[in-house]
Amino acid sequence: MKLFMPEVDHVKDGCTKQAAFKFALVFPIAAVHNRKEVNMQKIITKNGSETLEPVKAQVKGLLPSWLQGTLLRNGPGLFSVGNSEFNHWFDGLSLLHSFTFSNGEVTYRSKYLKSDTYRRNIKADKIVVSEFGTMIYPDPCKNIFSRAMTHFRNVISDFTDNNLINIIRYGQDYYASSEVNYINQIDPDTLETVGRANYRNHIALNLATAHPHYDKEGNTYNMGTAIIGLGRPKYVIFKVPADASDKEHKKLALRKVQQVCSIPFRSTMFPSYFHSFGMTENYIVFVEQPFKLDIVKLATAYFRGINWGKCLKFDENDNTYFHIINKNTGKAVSTRFYGDALVIFHHINAYEEDGHVVFDIIAYKDSNLYDMFYLHNIRQETKSFIEKNKLFSPPVCQRFVLPLNIQKESPKGTNLVTLADTTAQALMQEDGSIYCQPDILFEGLELPGINYNFNTRKYRYFYGSRLEWSPHPNKIAKVDINTKTHIEWHQENCYPSEPVFVASPGAEEEDDGVILSSIISSETDISPFLLVLNAKTFEEIARASIPAPVHIDLHGLFIPAAD
């Protein structure tokens, strides 16, 4: 079975699974309460504009002289083509952005990712490729042969290559990515689309995350799902070496991909959905959550008249399982660690300490996020939106601690966590399994980021979008794990993107650096701007006002300038 990409005409209501994973960037509409801010809802859902050539920003304040490089960003930007419109915000076609810092100046540009999906839709002047929340069906005006061929293609199906979530580096190659088998290589300097790559040409994967990890040597680790292929369906962890690129001969870094290990599905027909994973110095952390993909529904979605997003199901009566895999040997820790049902999209960080694996995640009590992000919901009156979604499960930053040196003779109910700075528990059960309960670090934050120099290491701070069900503007927050306190930045009627930390050269302190975030506003007299904060104090150092439209985005990364 492959996953299909049907052609043509009729757009049917649905919701995208990617919506839930990036909800925080649309979330500010739940916080608006006056007329100026209502316009924000229109801004979020209107088609974005390209800025094909670099434009110079007006810098207010003083940029650090060491801040040299490019902040790349990705997110949905085109929501209608011709007279057809996507049903969901996260079906929008990818719009790439770049903010380049050079000698105290900032330049901006943006371009649509010229994916195969984009080209086909634009050529047809309508939506002809299905997305996760928008299913496309044959035009009844087509002849019977064309309709039959469309139906036949949907028996052996394929995903869109609309890579709208993040930017990934493999070797020295950069790719726009989502969660499917296709990724599109881009030129980080010009934002031109270089060409499409298919994971399946290099490793047996049907899906892969858009949130990889990078080690100190520059190797890239990622994780995917192999639904169809030789052997039992499985989750696969893979590595692309830092030296895998060969630009001289135009060879893809993926050609040197190495499988690290695999984990069999607990249920062949209901694999766990995952959006990211954790990594310590020696281990991969995989959370197998009871938020599951129904394979039969997925294979028959087109004929059932449902979208792919409807093929995901949360089983509140199931457990969550935590897998710890040695990334050097490929062997999983044999102890069965589990916890209560939860939904997770983003890991914050993970590390090892005194015989324990510690990992921090953003968790939810359920998966009731999808319906919030239909375009018709986003566009509704704000008070009505809040009322309909008041039972929404808030994001909670949780810490789990898994002891590796298990004493099998420990009495039932014994807490095996011996670290002094956490209330997380790992309780011995009669059958030798370990029931894990988290330490609550913070509530109301999503899109987490850290000083990536502290990835896989014990750390103190993380950053993210502050989310509150109250009539206040959206904020950026810095959380201190040690003190469980936080500080915030906000400006009335302004909406920040995911904060990105950039460390000062030679920095020894974890929060020695700056926070970058692109900001859009519902105020017509406030131009979009790139915000630069002192990461220690969260005081504004500078802002670079962009003389061009900037669309709200999702994820990205900072690429330092070459020495």
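- Looking at Ser517, its side chain does come within 3.5 Å of a backbone N or O of Ser497 through a donor-acceptor pair.
- Of the possible donor and acceptor atoms, one in the side chain of Glu352 sits under 3.5 Å from a partner among the backbone N and O of Asn282.
- The shortest side-chain heavy-atom distance between Glu509 and Lys536 falls under the 4.5 Å cut-off.
- Between the side chain of Lys327 and the backbone N or O of Val260 there is no donor-acceptor pair closer than 3.5 Å.
- Between Ile440 and Val396, the closest side-chain pair of non-hydrogen atoms falls below 4.5 Å.
- Taking the ring axis of Tyr459 as reference, the NZ or CZ atom of Arg457 does not stay both within 45° of it and closer than 6.0 Å to the ring centre.
- Between His323 and Phe286, the angle of the ring planes stays under 30°, which puts this pair in the parallel group of the 30/60° scheme.
- Judged purely by atom type and a 3.5 angstrom limit, Ser272 uses its side chain to pair as donor or acceptor with the backbone of Gln289.
- The closest donor-acceptor contact from the side chain of Glu510 to the backbone of Tyr461 lies under 3.5 Å.
- Cation-pi geometry between Lys292 and Tyr273 is not satisfied (NZ or CZ under 6.0 Å from the ring centre, within 45° of the ring normal).
- Ring geometry for Phe400 versus Phe322: interplanar angle of 30 to 60°, hence tilted.
- Of the possible polar contacts, none joining the Thr225 side chain to the Tyr235 backbone as a donor-acceptor pair under 3.5 Å is found.
- Contact record, Leu531 with Ile476: CD2-CD1, 4.2 Å, taken as the closest heavy-atom pair.
- Under a 3.5 Å cut-off, the side chain of Asn349 and the backbone N or O of Thr456 do form a donor-acceptor pair.
- Residues Asp366 and Phe291 are not in side-chain contact: their nearest non-hydrogen atoms beyond the backbone lie 4.5 Å or more apart.
- No donor-acceptor pair under 3.5 Å is formed between the side chain of Lys313 and the backbone N or O of Phe270.
- A tilted orientation is assigned to the rings of His555 and His275, their planes being inclined by 30° to 60°.
- For the salt bridge (Lys or Arg N to Asp or Glu O under 4.0 Å) with Arg466, the qualifying choice from Glu488, Glu443, Glu498 is Glu488, the only one to do so.
- In this structure, Arg169 is not positioned above the aromatic face of Tyr174 in the sense of NZ or CZ being under 6.0 Å from the six-membered ring centre and within 45° of the axis.
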